[in-house]
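Working notes, beginning with the structure itself.
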Amino acid sequence: MNVPLSARCSIVKGVEKLRVWYNGKERIVDTKIRPYFYSYRDLDIECFKKEKVKAKALSDHQEKTFWKYSFNTRAELRAVSGKPELKEDIFENELSEYGDSFIIRNRLDRPNVFELFPHKNELILLFVDIEQETDKGIKFPTGENNLSSIAWCTNDRDVKCILKKKESESDKLLLENFIDEYAKINPDVVVCYNKTYDIPMIIRRCIRNNIDTSPLTKNQEGRANIGKKEMAFLDGIVIYDVYDSARQDQALDGNVENRGLKEVSNFFGFEEKRKPLTYEEISEKIGTKELAEYNMDDVKRLFYLFDIYWPGIEYNANDLKIPLSIAVAMNITKLGMICIGEEYKKQNIIADGTNEQRYDKIFRRKKKAGEPNYQGALVGIDRNGYFEPVYKADYGSMYPTIMSSFNLSPDTTKLLEYVPYGKFKIEEEEMWFVYHIPDDVLKMNLIIQVSKRPGFFALLVKKFLLERMSFKNSYKKTGLERYKSASDNRKVKANGGVYGNQGAAHHPFGFAPIAIATCGFGREAAQMLIDVLNGLYPNSVIETDTDGIYFTTKNFNEEDVMDAFKKKLKQVFKKDISLDIDIDKYDSGYFYKAKNYVLKKGDKIIKHGVAMKAQSKNILSRNLIEELAKAKVNNQPITKISDNYMKLDFPLEHFAMNVTMGMPYGSYKNKEGNLVTRLARDAERIQRIEPAVGNRYYYVKEKHDYVLLEEASIERLDITYYREQVKRILKMFDVSLIATKLDDWLK
DNA sequence: GCTATCAGGCTACCT
DNA sequence: ACAGGTAGCCTGATAGCG
C-alpha cells in the first residue's frame, strides 16, 4: 500500500499529534497543523494561535478575510466550538472535533501526508470467529460464559480450530493456545463479523482468566481495550468488520432475511455444505468435531465475504490517500469531506457555514417531522396491471451527468432569488444561463444562475465519470474484479459522495443550489423521456422512478426512440448535453403501485418494492405473493390458490412477522405504544436480550396483543388478523373472485 | 360503546 | 452523520352513529 495501516490522534505534551502505524512499527508524527476553525469575527477566545487568512467564501465566491483559530488539542477546540453562542459564527470546525475528521483535515491540508508512511509489507490478515457456551434457556452468551471454540486462518486460508475439550473445563487453555498462535501470526488486520462481539469477548475472557492481552497488540506493553459501544481496540492493528460492509451494501436490501454471516454469504453464492447449528446445538456439542467444523465453516464464510468487499476498501485507502483504518470505516459523509474538501482546498475556498446556515429559506422553514428540504425526483405510476411486453428506458448516471453537463459548481452556480411557483424555464445570456426551477416542496421557483465559465466541480464529476467508463470497459474486457471495484468506486464518488452531500443540511461542504438544480433538471429529463415515449407510442408509459421509465408497446423500434430522444433533448435543454439512455426488455410485468411491481425475464421473476418483497412480513405472506406474482407475470388466470391460505393451515413459524430496531431505544418517541420497543422490552425481560440497534424481533398477532414468537401459541393466534392479511394480498393482485369467495368462507 | 378515518411514527423499500 | 420518494403497518385521537 502507499498509505499507512492506521493513524490516530494522540496528545503528546499537550499537543495533538498523529500515531501512525506502518511496516510493523509506530511513529509519532508532528501534524504540522493543529485543530482549527474559521470565523468572520474577531472572537475573544483562548486559543493557541489566531491569524488572518484570505480565501474565497463558499457562499458567494468572493475573496474575503477570515480569522483562523488554532488549538493545541481537539478537546480545547471543542470547549469553544460547543458554545451555543458561537455555533453560528464558526466554520469548518467539524473537521477538527473528532479523531477521524481531524485525520481527514490533515489529509486535506497536506494531501500527501499519509504517503510519507506507506505500509509496504504484505498485509498479514487474521480471520477469526469464536463459539461460546450459553446458560440454559438463554440465547446469547455473556462475559461470564466460557468460550468453547476459536477458529481462525491467515493469508493462506488454511483454517484451524482450537476446541475446549469438556464441558466442565474452563476456557483458559483454549485462550492461551490461541494467543500463542495469534502472536506467531502477528497480524496487521483482524477480520471478524460483528466487531462488538468476537474480539471484545476474547479480551474479556482473557481478563477473567488472568491472561495477558498485550500479545493481541503490536506493542510490548500494548493495550487491548474495550471502548465505548463495545468496540475493541488493539494497538497497531486494524480491525475490519465485514458486517459493516454488509450492513451498508444496498444490493442486499430486500434480498436477505437478515445481515447475518450465513444469510449474506449464502446470498453471494457460498456453497453450503452443512446445515448450520442451532443455538441449542452450539451449547450441546462442546468438544465435538461438529462444533469445530461449524466454527471453521464460519471462518470460510468470513473470508468468502472478505474477498467481495475488501478490494474496494484497499482501493479507497490508496486512491484517497488515507490510512487503511479510515478506509475500513468509510461512509458517504467522510467520502464527501475528502472528495469535495480536496477541491475546495485547491480553489482556496472556505466553507463559510453549512447549507442550513446559508440557506435559511430552504433549511430553516418550519417543517413537519420527516418533511424534505427540497423537491427530489419524479416518481409516479400512470397505468396499473399486467403488460406484455415491458421495456425500461434508463438514463445512465443521471445526476452526475447533469452536474457535469450543466456546469454545476460552487464557483459557477448562484441562487439568485425565490419567486412564486411556476414553470421550468431556461434563459440564455451572454455570460450565463438562468434556470427557473420549480420546487413543490418549497412551493417556489428558484432562480439559479450558472456561469458559462467552466466550473471546477463539474470538471471533477466529469473526471469521475470518464474514469468510471474506462474501468467499466476494462472490467468488461478482462473480467478482473479490481476493475469492477474501481468502476463502482467512481460511481459512488460521483453519486453519493458528490450529489448527496451537496444537498445535506449539516455537511460542512454542502452547496444546496447544486443539489436543487440537479434534481430539477432530473425531473425535466424524466418528463421529457415520458413525452417522447408517449409521443411515439400513445399511452405507453407505465411507471416512472427518477431516471428510469417502464413502458409497453408492440411496435418498439429502438432507432425511432433514439432519434426522437436526441431531438427533444436539444430542444428542451437548449444545449448539447451528454445524457444517454439505455433500453432493456422484459417479457412481461405486473405493476401494482409506484416502486412496486413484478417483472418477468426468461424464467426469472424479479420483484420490486416493499409490497412485493415483504421481507418483514411472514412466510405465509411471502409464499402467497410468490404464487400470485408468478401466475400474474405468466398471464395465467388465478383460478385457485392453495386451500391452506383459506384455512390458514400452517405451522406457527409461518405466521411470524419481524421488525428491526432502527434507532437506540431511547430515541423512540412513544416507547409505550411503539411495537418494536414493546417487543424489545419483552425480549429483555424473557430472553435477557438487551435492546440494541439492529436487533430483529420475530412476533405474531395473538387475540389481544402482539407477542414474541418464542412466547406464542398457535391456539391463541388472531385468525381474523391473518385472514385480513391474506385478503390484502389477494387484493394486491386483483384477485377479486377469490376475495369474494374468501368473504363467503369467512361468514 | 362501537366503527371509520386520519395523522404521526416508524420500517422497508427504490433511484 | 447522504438525498428525496412511495408504501405498509401500527397507534392513538377524534368524529359519527346508534
Side-chain angles (χ1 to χ4, degrees), chain A residues 94 97-98 100-101 248 250-256 329-337 339-340 354-355 363 368-381 392 394-399 439-441 491-493 495-510 512 514-516 518-520 522-523 526 543-549 592-597 607-618 621 657-663 667-679 693-694 696-697 699 701 705-706 721 724-725 728-729 732:
Chain A
E94 296 94 334
E97 286 180 348
Y98 299 100
D100 278 11
S101 60
Q248 287 170 31
Q250 293 179 354
L252 300 172
D253 282 356
N255 295 320
V256 288
M330 188 51 83
N331 59 32
I332 298 284
T333 304
K334 288 183 213 168
L335 184 64
M337 283 181 181
C339 293
I340 304 174
T354 61
N355 275 323
F363 293 96
K368 287 180 191 164
E371 199 192 329
N373 291 312
Y374 58 89
Q375 187 182 357
L378 185 67
V379 180
I381 186 158
K392 186 185 194 193
D394 237 63
Y395 283 105
S397 300
M398 186 168 83
Y399 284 176
D439 190 302
D440 69 3
V441 168
K491 186 183 169 185
V492 170
K493 279 177 191 162
N495 269 314
V498 170
Y499 160 73
N501 282 316
Q502 294 293 22
H506 302 292
H507 195 278
F509 297 144
I514 293 180
I516 291 171
T518 302
C519 284
R523 292 191 296 274
E543 199 251 17
T544 305
D545 191 350
T546 313
D547 56 3
I549 294 163
Y592 170 53
K593 286 188 177 177
K595 294 178 191 271
N596 286 273
Y597 49 88
K607 296 201 283 270
H608 277 252
V610 65
M612 298 297 169
K613 291 198 170 176
Q615 215 62 63
S616 66
K617 294 208 198 99
N618 45 26
S621 297
M657 302 158 285
N658 65 79
V659 63
T660 308
M661 196 158 215
M663 322 183 267
S667 305
Y668 286 85
K669 280 210 164 178
N670 178 358
K671 292 181 197 53
E672 294 312 309
N674 184 290
L675 186 58
V676 69
T677 46
R678 262 164 47 195
L679 294 169
V693 174
R696 178 169 294 203
Y697 302 100
Y699 65 97
K701 177 75 165 70
D705 207 357
Y706 294 88
Y721 172 89
E724 284 300 322
Q725 204 170 64
R728 276 201 295 269
I729 293 166
M732 204 162 92

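A note on names: the letters A, B, ... follow the listed sequences, proteins ahead of strands, and every chain is numbered from 1. It should be emphasised that the depicted structure is a prediction, and the values quoted were computed from it without experimental measurement.
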Original post:
Could you state the CD-P distance from A:E724 to C:dG8, rounded to the nearest angstrom?
Top reply: 15 Å

**OP:** Could you tell me whether A:A515 contacts a base, only the sugar-phosphate backbone, or nothing, with contacts defined as non-hydrogen atoms closer than 4.0 Å?
**Re:** nothing

Original post:
When every nucleotide of nucleotides 10-15 of chain C is labelled 5' to 3' by its protein contacts under 4.0 Å (heavy atoms), B for base, S for sugar-phosphate only, - for none, what sequence of letters results?
Top reply: SSS---

Original post:
Under 3.5 Å, side chain of A:N596 to main-chain N/O of A:A611, donor-acceptor pair present?
Top reply: yes

Subject >> Distance, P atom - from C:dC2 to B:dG9, rounded to whole angstrom >> reply: 22 Å

**OP:** Just compare B:dG8, C:dA1, C:dT6 and give me whichever is closest to any side-chain atom of A:K368.
**Re:** B:dG8

**OP:** May I ask you to evaluate whether A:N373 reaches the phosphate of C:dG4, defined as a side-chain N or O under 4.0 Å from OP1 or OP2?
**Re:** yes

Original post:
Are the side chain of A:N501 and the backbone N or O of A:I332 linked by a donor-acceptor pair below 3.5 Å?
Top reply: yes

Original post:
In whole angstrom, what separates A:N618's CG from C:dC9's C1'?
Top reply: 13 Å

Subject >> side-chain N/O A:K593 vs C:dA7 OP1/OP2, d < 4.0 Å >> reply: no

Original post:
Just checking A:E94: base, sugar-phosphate only, or nothing, at a heavy-atom cut-off of under 4.0 Å?
Top reply: nothing

Original post:
Looking only at side-chain N and O atoms, does A:S616 come under 4.0 Å of OP1 or OP2 in B:dA12?
Top reply: no

**OP:** Output the distance between atom CG (A:N670) and atom CZ (A:R678), rounded to the nearest 0.5 Å.
**Re:** 9.5 Å

**OP:** Assign A:K669 to base, sugar-phosphate, or nothing according to its heavy-atom contacts below 4.0 angstrom with the strands shown.
**Re:** sugar-phosphate

Subject >> A:Y597 side chain near A:M612 side chain, heavy-atom distance below 4.5 Å >> reply: no

Original post:
For B:dC10, which nucleotide is its Watson-Crick or G-U wobble mate, given both distances must be under 3.5 Å?
Top reply: C:dG8

Subject >> A:K613, nearest nucleotide to its side chain (from B:dC14, C:dG4, C:dA7) >> reply: B:dC14

**OP:** Between B:dC10, C:dA3, B:dA12, spot the one nearest the side chain of A:V610, thanks.
**Re:** B:dA12

**OP:** State which of C:dC2, C:dG8, B:dT15 makes the closest approach to the side chain of A:H608.
**Re:** B:dT15

Subject >> Nearest-neighbour nucleotide for the A:N596 side chain, C:dA7, C:dG8, C:dA3 considered >> reply: C:dA7

Original post:
Distance from A:I516 atom CD1 to A:N355 atom CG, nearest 0.5 Å?
Top reply: 8.0 Å

Original post:
Base, sugar-phosphate, or nothing: which does A:K617 touch, judged by heavy atoms less than 4.0 Å apart?
Top reply: sugar-phosphate

Subject >> Residue A:V441, side-chain heavy atoms: nucleotide from C:dC2, C:dA7, C:dG5 that is nearest >> reply: C:dG5

Subject >> Donor-acceptor contact present, side-chain A:T518 to main-chain A:Y399, <3.5 Å >> reply: no

Subject >> Given B:dC10, C:dG4, B:dT15, the nucleotide with the shortest approach to the side chain of A:K392 >> reply: B:dT15

**OP:** Would you indicate what A:Y395 reaches in the nucleic acid, counting non-hydrogen atoms under 4.0 angstrom: base, sugar-phosphate, or nothing?
**Re:** nothing

**OP:** Take atom CZ of A:F363 and atom P of C:dC2, then tell me their distance rounded to the nearest Å.
**Re:** 15 Å

Original post:
So does A:Y697 get a side-chain nitrogen or oxygen closer than 4.0 Å to the phosphate oxygens (OP1/OP2) of B:dT11?
Top reply: no

Subject >> Verdict with reasoning, A:T354 to A:F363, per side-chain contact (heavy atoms from CB on, under 4.5 Å) >> reply: CA-CA 10 Å; A:T354 61; A:F363 293 96; over 6 Å; no

Subject >> Atom-to-atom span, OH of A:Y592 to P of B:dC13 - whole angstrom >> reply: 16 Å

Original post:
With sugar-phosphate meaning primed atoms plus P, OP1 and OP2, does A:Y668 contact a base, only sugar-phosphate, or nothing at under 4.0 Å between heavy atoms?
Top reply: sugar-phosphate

Original post:
The side chain of A:Y597 lies closest to which of these nucleotides: C:dT6, B:dC10, B:dC14?
Top reply: B:dC14

Original post:
Between atom CD in A:Q502 and atom P in C:dG4, what is the gap in whole Å?
Top reply: 14 Å

Original post:
Atom OH of A:Y374 and atom P of C:dG4: how far apart are they, to the nearest Å?
Top reply: 5 Å

Subject >> A:I332 CD1 - C:dA1 P separation (whole Å) >> reply: 14 Å

Original post:
Once you round it to whole Å, what is the distance between P of C:dA1 and NZ of A:K334?
Top reply: 12 Å

Original post:
Can you find a heavy atom in the side chain of A:Q375 that is under 4.5 Å from one in the side chain of A:R523?
Top reply: yes

**OP:** Could you tell me whether the side chain of A:N618 and the main chain of A:S621 form a donor-acceptor pair under 3.5 Å?
**Re:** yes

Original post:
Toward the 5' end of DNA chain C, which comes first, A:A377 or A:A504, by nearest nucleotide?
Top reply: A:A504

